[in-house]
Amino acid sequence: MEWHACLDEYEKLVIRMNTPRVVIDNAVCPTATLVKVDSARRHGILLDAVQVLTDLDLSIKKAYISSDGQWFMDVFHVTDLNGNKLTDESVINYIERSLETTHPDRSHGFNGLTALELMGTDRVGLLSEVFAVLADLQCNVVDAKVWTHNGRIASLIYVKDCNSGSPIEDSQQIDRIEARLRNVMKGDNDIHSVKTSVSLAVTHTERRLHQMMFADRDYERKPILQHRTDSPVVTVQNWVERGYSVVNVQCKDRTKLLFDVVCTLTDMQYVVFHATINTAGDKAYLEFYIRHTDGTPISSEAERQRVIQCLQVAVERRASEVYFYSKSFLYLAVESLNF
């Protein structure tokens, strides 16, 4: 066999070894569909898998995650929002295709749009002012999502040019948009903590909102609302013999809970080696065995407290006011979850 032929076979073997293997089983569990994923371990692979499931608005009732050496294995017990097993073949096929790719699509239909990122102090009427400015600048708002937490607001707004229907790429127009939005966001007294940016880059909206809030250090800000009885309880302990930090989260169960927690751990540069997720009624119990990406556990009390704070706010952000701006520029729905 020629040398280049040997390389081709080796490359095929590497691809087969690194391509996730997905099995979707409706026979084992009477109340949920099992989604099993086996793949080579890499940083962020758990988040990718959870993201695929939560983007379909599936509810993860249980999950078991384990890394053995360089191999990653997980099992998710999922249902639709009505608590039923998955029977739609198109949904099952989509899950299989998405999980079997090493780099799942994160565009969610936002290709060909310009993304506006806004970060600042929340106040009454702010969104109306932002959308009025965009209308004046001939920006057609296609979609947007806004989170508020601890007095701060983070928003991703997807726009295109009203006249051409194309993404906004002209540098002078981008500068005008940024300048006008910055003036709106800073109001009368928020000069230094305002952040605005315009980008054509494709990203996962809710992950980016978590990153924006985390970079803004919302976890260090004093909560506007008083402590609630359903606030998440987070504990962190070190398992010295095995070199893990053990993180436990107990809170009210809801959709996308696992995504919010795993997203935060991943962006804080922790790797989940083992995890167990259980739900009972409206309660969720999550346990993670983690290390830094460099292989070390949490090493100080300050770091332990930071992880606790960050996971608490990761759970709470989505329970704060969430504004969703739909396809129509004239429609703004405000979804308030019960406090």
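Separating the OG atom in Ser155 from the CE atom in Met212 is a distance of 7.0 Å, to the nearest 0.5 Å. One distance of note links CG of Leu126 with CZ of Arg123; it measures 4.5 Å at 0.5 Å rounding. Residue Met185 holds its CE atom at 8.5 Å from OG1 of Thr196, rounded to the nearest 0.5 Å. To the nearest 0.5 Å, atoms CD1 (Ile168) and CD1 (Ile177) are separated by 4.0 Å. Asn248 contributes atom CG, which lies 4.5 Å from atom OG1 of Thr235 (distance to the nearest 0.5 angstrom). Between Gln250 atom CD and Ser231 atom OG the span is 13.5 Å, to the nearest 0.5 Å.
Contact annotation: the side chain of Asp88 never approaches that of Ile92 to less than 4.5 Å [non-hydrogen atoms, C-beta and beyond]. At a threshold of 4.5 Å between non-hydrogen side-chain atoms, the residues Lys85 and Thr31 do not count as touching. Annotation: side chain of Val262 is not in contact with side chain of Gln51 (no heavy-atom distance under 4.5 Å). Residues Cys310 and Met268 are in side-chain contact: their nearest non-hydrogen atoms beyond the backbone lie under 4.5 Å apart. For the pair Leu127/Ile153, a side-chain contact is recorded, criterion being any heavy-atom separation below 4.5 Å from C-beta on. At a threshold of 4.5 Å between non-hydrogen side-chain atoms, the residues Arg221 and Val313 do not count as touching. Residues Leu311 and Val261 are in side-chain contact: their nearest non-hydrogen atoms beyond the backbone lie under 4.5 Å apart. A heavy-atom distance below 4.5 Å is not found between the side chains of Arg291 and Tyr270.
For the pair Arg304 and Glu301, the salt-bridge criterion is met [side-chain N within less than 4.0 Å of a carboxylate O]. Between Arg318 and Asp260 there is a salt bridge, since a side-chain N of the basic residue sits under 4.0 Å from a carboxylate O of the acidic one. Salt bridge status for Lys256 with Glu206: present, with a side-chain N to carboxylate O gap under 4.0 Å. Here Glu178 does not pair with Lys195 in a salt bridge; the nearest charged N to carboxylate O distance is not below 4.0 Å. Looking at Asp48 and Arg42, a side-chain N of the basic residue comes within less than 4.0 Å of a carboxylate O on the acidic one, giving a salt bridge. A salt bridge is absent between Asp282 and Lys252: the closest approach of a Lys/Arg side-chain nitrogen to an acidic carboxylate oxygen does not fall below 4.0 angstrom.
Checking side-chain atoms of Thr33 against main-chain N and O of Asn26 turns up no donor-acceptor pair under 3.5 Å. Between the Glu316 side chain and the Pro232 main chain, no donor and acceptor come within less than 3.5 Å of each other.
Side-chain atoms of Gln309 and Arg306 form no donor-acceptor pair, as typed in the model, at a separation below 3.5 Å. With hydrogens and angles left out, the side-chain atoms of Thr79 and Asn84 include no donor and acceptor closer than 3.5 Å. Inspection of the Ser245 and Asn238 side chains reveals an N or O donor paired with an N or O acceptor under 3.5 Å. For Ser90 and Asn93, the side-chain atoms include no donor-acceptor pair closer than 3.5 Å.
The aromatic ring centroids of His274 and Phe288 lie 6.0 Å or more from each other. In summary, the aromatic rings of His204 and Phe259 are positioned with their centroids under 6.0 Å apart.
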- Message: Run the salt bridge (charged side-chain N to carboxylate O under 4.0 Å, His left out) test on Lys283 and Asp253 for me, step by step, so that the C-alpha distance in whole Å, both residues' side-chain angles and the decisive distance to 0.1 Å come before the verdict.
- Response: CA-CA 5 Å; Lys283 299 295 183 183; Asp253 188 28; over 6 Å; no

- Item | side-chain contact (heavy atoms from CB on, under 4.5 Å) between Lys36 and Met73, worked out | CA-CA 8 Å; Lys36 306 174 185 178; Met73 297 166 285; over 6 Å; no

- Criterion side-chain contact (heavy atoms from CB on, under 4.5 Å) on Val315 and Val234, from CA distance to verdict: CA-CA 10 Å; Val315 173; Val234 181; 6.0 Å; no

- Message: For a side-chain contact (heavy atoms from CB on, under 4.5 Å) check, start with the C-alpha distance between Ile95 and Ile24, then their side-chain angles and the critical distance, and finish with the verdict.
- Response: CA-CA 9 Å; Ile95 294 172; Ile24 298 180; 3.7 Å; yes

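Geometrically, Arg242 does not engage Tyr289 in a cation-pi contact defined by less than 6.0 Å to the ring centre and at most 45° from the axis.
For the residue pair Ser300 and Glu303, the shortest heavy atom distance occurs at OG-N, 3.1 Å. Scanning both residues, Asn140 and Cys162, for their nearest heavy atoms gives N-SG, 3.5 Å. Between Pro297 and Gly243 the shortest heavy-atom distance is CB-O, 3.7 Å.
Between Ile277 and the choices Leu257, Val249, Leu258, the side chain to side chain contact (heavy atoms under 4.5 Å, CB included) rule is met once, by Leu258.
By the criterion of side-chain heavy atoms lying less than 4.5 angstrom apart, applied directly or through intervening Ile, Leu, Val, Met, Phe, Trp or Tyr residues, Leu99 is grouped together with Val91 in one hydrophobic cluster. No continuous path of hydrophobic side-chain contacts links Val307 to Val246 [ILVMFWY only; heavy atoms under 4.5 Å]. There is no path of hydrophobic side-chain contacts, each under 4.5 Å, that joins Ile45 to Phe273. If you chain together hydrophobic residues whose side chains sit under 4.5 Å apart, Tyr94 and Phe76 fall into the same group. Both Val133 and Ile157 sit in one connected hydrophobic cluster of ILVMFWY residues. Membership requires side-chain heavy atoms under 4.5 Å apart, directly or through other members.
Asn163 pairs by the side chain to side chain donor-acceptor pair (under 3.5 Å) definition with nothing, not counting sequence neighbours. With sequence neighbours excluded, the residues forming a side chain to side chain donor-acceptor pair (under 3.5 Å) with Arg217 are Glu220, listed by chain and number.
Aromatic ring pairs are classed by plane angle as parallel below 30°, tilted from 30° to 60° and perpendicular above 60°; the pair Trp147 and His210 is perpendicular.
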